[in-house]
Protein chains: 2
Amino acid sequence: MTTIKDLAKAAGVSITTISRALNGYSDVNEKTRKRIQTIADQMGYRPNAVARSLVTKKTRTIGVILSEINREGAKDSLAFETLCGINDRAVELDYDILLFSTNPKKQLSKSYADLCKERNVDGAILSGLRLHDPYLEEVVHKTNFPCVLIDIPAESRNVGHVTTDNVRGAVSAVNHLLGLGHRRIAMINGHDEAAVSQDRLEGYRQALETAGIPFDPKLIYNGGFREEGGFEAMYGILYQHPDVTAVFSASDLMVLGALRALERLGHRAPERMSIVGYDDIAIAAHCSPPLTTIRQDRYEMGYQAAQLLVDMLENRDVGRKITLQSELIVRQSTAPLSG
Amino acid sequence: MTTIKDLAKAAGVSITTISRALNGYSDVNEKTRKRIQTIADQMGYRPNAVARSLVTKKTRTIGVILSEINREGAKDSLAFETLCGINDRAVELDYDILLFSTNPKKQLSKSYADLCKERNVDGAILSGLRLHDPYLEEVVHKTNFPCVLIDIPAESRNVGHVTTDNVRGAVSAVNHLLGLGHRRIAMINGHDEAAVSQDRLEGYRQALETAGIPFDPKLIYNGGFREEGGFEAMYGILYQHPDVTAVFSASDLMVLGALRALERLGHRAPERMSIVGYDDIAIAAHCSPPLTTIRQDRYEMGYQAAQLLVDMLENRDVGRKITLQSELIVRQSTAPLSG
DNA sequence: CATCCTTTCCAAAACGTTTCGGAAGCTCGT
DNA sequence: ACGAGCTTCCGAAACGTTTTGGAAAGGATG
């Protein structure tokens with residue numbers, strides 16, 4: 001591996017001059033700069049980022065902490081889309097990405113904060129964490145490490161936040177059902193440790209209230225964002241509340257489970273039950289029936305998150321919160337109330 | 001940020017002793033080791049990985065180069081599953097992952113080799129690259145940088161290779177169609193720059209040959225692994241070879257396009273055309289009809305790739321090639337030849 | 001000719017570790 | 001009492017950069 005020293009020897013100048021030449025400082029003669037550059041190219045010199053980081057204290061690296069990086073996570077590619085967005089913007093801004101997975105099974109031996117400290121990433125993007133994740137609280141509150149959170153509300157000097165308007169998304173989902181004539185509308189929510197669940201519940205509530213329909217907490221089921229949870233929730237709905245004709249689910253994945261439950265009991269969507277999901281995962285357009293759902297642009301969220309983080313890192317004065325809009329996609333899992 | 005020096009001052013010993021105590025060397029008294037450890041914990045000391053790397057020349061980081069990290073790549077989550085596998089094993093082995101995306105649009109300013117050199121990753125895993133990618137050739141041949149390739153045949157002291165048995169996978173796909181009575185079987189392949197395409201074509205050929213059916217190159221269409229390509233291929237098949245009753249496609253994604261083409265022309269699978277795909281992407285089980293396909297375990301491939309790379313890095317003497325098996329999944333896009 | 005800028009270069013320190021080669025201080029056998 | 005052999009510690013060098021604070025040389029200015 002050729003180092004700056006080798007170049008210095010080869011060019012007959014000091015390492016200072018090499019460094020300053022290659023980094024485009026003005027205090028080196030253009031002729032020697034050119035000469036050094038060609039020598040560097042010839043010798044295939046690549047600056048050692050590790051050594052550089054040690055002195056500059058910057059790594060041009062952002063840590064990406066996703067909880068959904070695991071075998072099961074592949075079915076809905078939400079995390080992946082987010083990652084793609086982060087990656088694309090990071091590449092454009094000339095940052096590298098250090099991937100910290102979180103292994104929910106065995107407790108991490110090191111906290112995220114420790115990881116970030118050790119590896120000296122300049123900042124981090126966190127997604128898929130539970131609201132009261134102790135490590136999250138640590139990184140956000142105890143350190144003032146620059147980070148941006150996806151779908152976790154928190155803001156400060158060093159903490160940014162990107163999310164979608166989940167309340168409005170839920171409102172439009174439920175309004176769609178109301179518009180079709182449904183009045184008994186159940187909800188399959190995720191879990192209490194997700195901010196989006198709270199918001200989507202709030203939207204559900206608001207939409208009902210606006211329509212003059214009393215809120216019935218018995219109609220709220222938690223499916224934990226898992227397919228199996230959706231299955232069980234739909235089972236419960238059908239048995240405990242046979243008058244329900246429509247369901248708003250906080251994720252498409254849970255809808256897949258719910259559809260299975262329907263089918264198991266000899267029913268079909270949308271005839272027996274109109275269902276609107278959330279996320280617009282790839283399967284949503286292809287399953288049977290294709291899902292009416294709320295699309296959120298995870299790629300864009302990742303892209304914006306990377307942008308926001310780098311803005312923060314480079315001290316640009318920008319807002320700390322980004323809220324993207326979501327969009328109702330009407331397919332065939334919803335239909336007018338019949339009879 | 002507390003450093004080893006701070007600890008030395010606080011503990012009243014030299015930095016050498018701190019270092020050796022924390023790293024568990026035997027030449028430090030157990031009592032002082034404990035004392036140092038508690039002081040380190042109290043002060044929240046985290047060793048600076050950058051500084052450490054500079055001297056040890058190891059980063060415990062592996063570079064992951066995936067071509068499919070982009071907005072379109074999200075539909076089939078192959079890359080993501082691979083990444084999950086890599087990540088899981090890497091975490092277990094205490095390695096970190098540095099993600100190098102490849103942006104196919106704008107040519108990269110730096111080659112992968114340069115990236116790896118600069119960032120001092122210990123090794124790399126490459127996937128989704130074209131056979132004659134110039135950067136690939138560079139990293140594999142000109143440098144002897146340790147890397148493992150996924151689905152790209154190459155082996156050497158520092159180059160490992162994990163793939164699935166694509167010939168056998170294709171054979172079982174075509175045999176399945178033959179077993180259903182089909183004789184005119186077309187193939188929608190990927191592109192010539194993919195090793196898997198060559199192998200799957202070979203398997204298609206072998207299966208036909210064994211069945212005593214002459215190989216007809218006119219029945220081979222290239223769809224470039226893209227949904228749109230599958231659409232066009234199926235269009236071509238229907239118009240140019242109306243006697244074809246079955247299709248073997250080198251990817252499920254292309255099958256989705258092919259199904260659209262069928263539908264557009266008023267046909268359905270499997271009645272008009274039996275189709276078997278490849279990959280078993282998430283959508284395959286949910287689309288209509290559910291796809292008969294060859295499942296390959298991308299997660300496992302990533303997992304094994306990470307294991308192999310680390311084995312190589314840590315000088316364990318293991319085979320350089322890993323071939324996983326694939327599995328025929330029969331669903332409803334194939335049916336016995338009628339009439 | 002002395003002075004003062006500019007231009008172009010450089011030596012040395014610093015970043016936070018690991019590691020090499022000792023060096024004290026003990027214990028112990030003789 | 002003396003050297004051998006442990007145990008426990010340490011100073012200093014090294015890793016490959018960037019950056020600070022000049023310094024030498026040359027030209028312009030008075």
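What you are looking at is a predicted structure, and each value in this text was computed from that prediction instead of being measured. Just so we're on the same page: letters track the sequence lines, and every chain starts at 1.
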(message) Over all strands shown, is A:T3 touching base, sugar-phosphate only, or nothing at heavy-atom distances under 4.0 angstrom?
(response)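 Counting heavy atoms under 4.0 Å across all strands, the contact made by A:T3 is with sugar-phosphate only.
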Return a table of donor-acceptor pairs under 3.5 angstrom between the side chains of residues 38-46 of chain A and protein atoms on other chains or two or more places apart.
from: A:T38; atom 1: OG1; to: A:K34; atom 2: O; distance (Å): 3.1
from: A:T38; atom 1: OG1; to: A:R35; atom 2: O; distance (Å): 2.7
from: A:D41; atom 1: OD1; to: A:Q37; atom 2: NE2; distance (Å): 3.2
from: A:R46; atom 1: NH1; to: B:E118; atom 2: OE2; distance (Å): 2.6

(message) Quick check for you: name the first and last nucleotides of DNA chain D, 5' to 3', having an atom under 4.0 Å from a heavy atom of chain B.
(response)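 Result: D:dT8 to D:dG16.
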(request) Produce a footprint string for nucleotides 5-13 of chain C: one letter per nucleotide, 5' end first; B if the base is under 4.0 Å from any protein heavy atom, S if only the sugar-phosphate is, - if neither. (result) ---BBBBB-
(message) Can you confirm whether A:D192 is buried at CG, in the sense that more than 12 heavy atoms of other residues, nucleotides or ligands lie under 6.0 Å from that atom?
(response) no
The criterion is salt bridge (charged side-chain N to carboxylate O under 4.0 Å, His left out); which residues satisfy it with [X], sequence neighbours excluded?
{"X": "A:D122", "value": "none"}
{"X": "A:D311", "value": "A:R316"}
{"X": "A:D96", "value": "B:R119"}
{"X": "A:D27", "value": "A:R20"}

(message) Apply side-chain hydrogen bond (donor to acceptor under 3.5 Å, both in side chains) to residues B:S19 and B:T16 and explain how you reach the verdict.
(response) CA-CA 5 Å; B:S19 174; B:T16 305; over 6 Å; no
(request) Tell me, please, which residues at least two apart from A:N29 pass side chain to side chain contact (heavy atoms under 4.5 Å, CB included). (result) A:K31, A:T32
(request) Please list, chain by chain and in numerical order, all residues satisfying side chain to side chain contact (heavy atoms under 4.5 Å, CB included) with A:R89, sequence neighbours excluded. (result)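 A:E92, A:L93, A:Y303, A:A306, A:Q307.
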(message) Contact list please: residues 39-53 of chain A against DNA chain C, heavy atoms, distance less than 4.0 Å, in numerical order.
(response)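 Output list: empty, so none.
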(message) Just so I know, are the side chains of B:P153 and B:T163 near enough to count as touching, which here means a heavy-atom distance under 4.5 Å?
(response) no
(message) As an exercise, state the distance from CG of A:L129 to CG of A:L149, rounded to the nearest 0.5 Å.
(response) 8.5 Å
(request) With axes from five pairs an end, tell me the bend angle of the helix from C:dC1-D:dG30 to C:dT30-D:dA1, nearest 10°. (result) 60°
(message) Strictly by salt bridge (charged side-chain N to carboxylate O under 4.0 Å, His left out), give each pair with a member in residues 149-162 of chain B just once, sequence neighbours left out.
(response) B:D151-B:R298
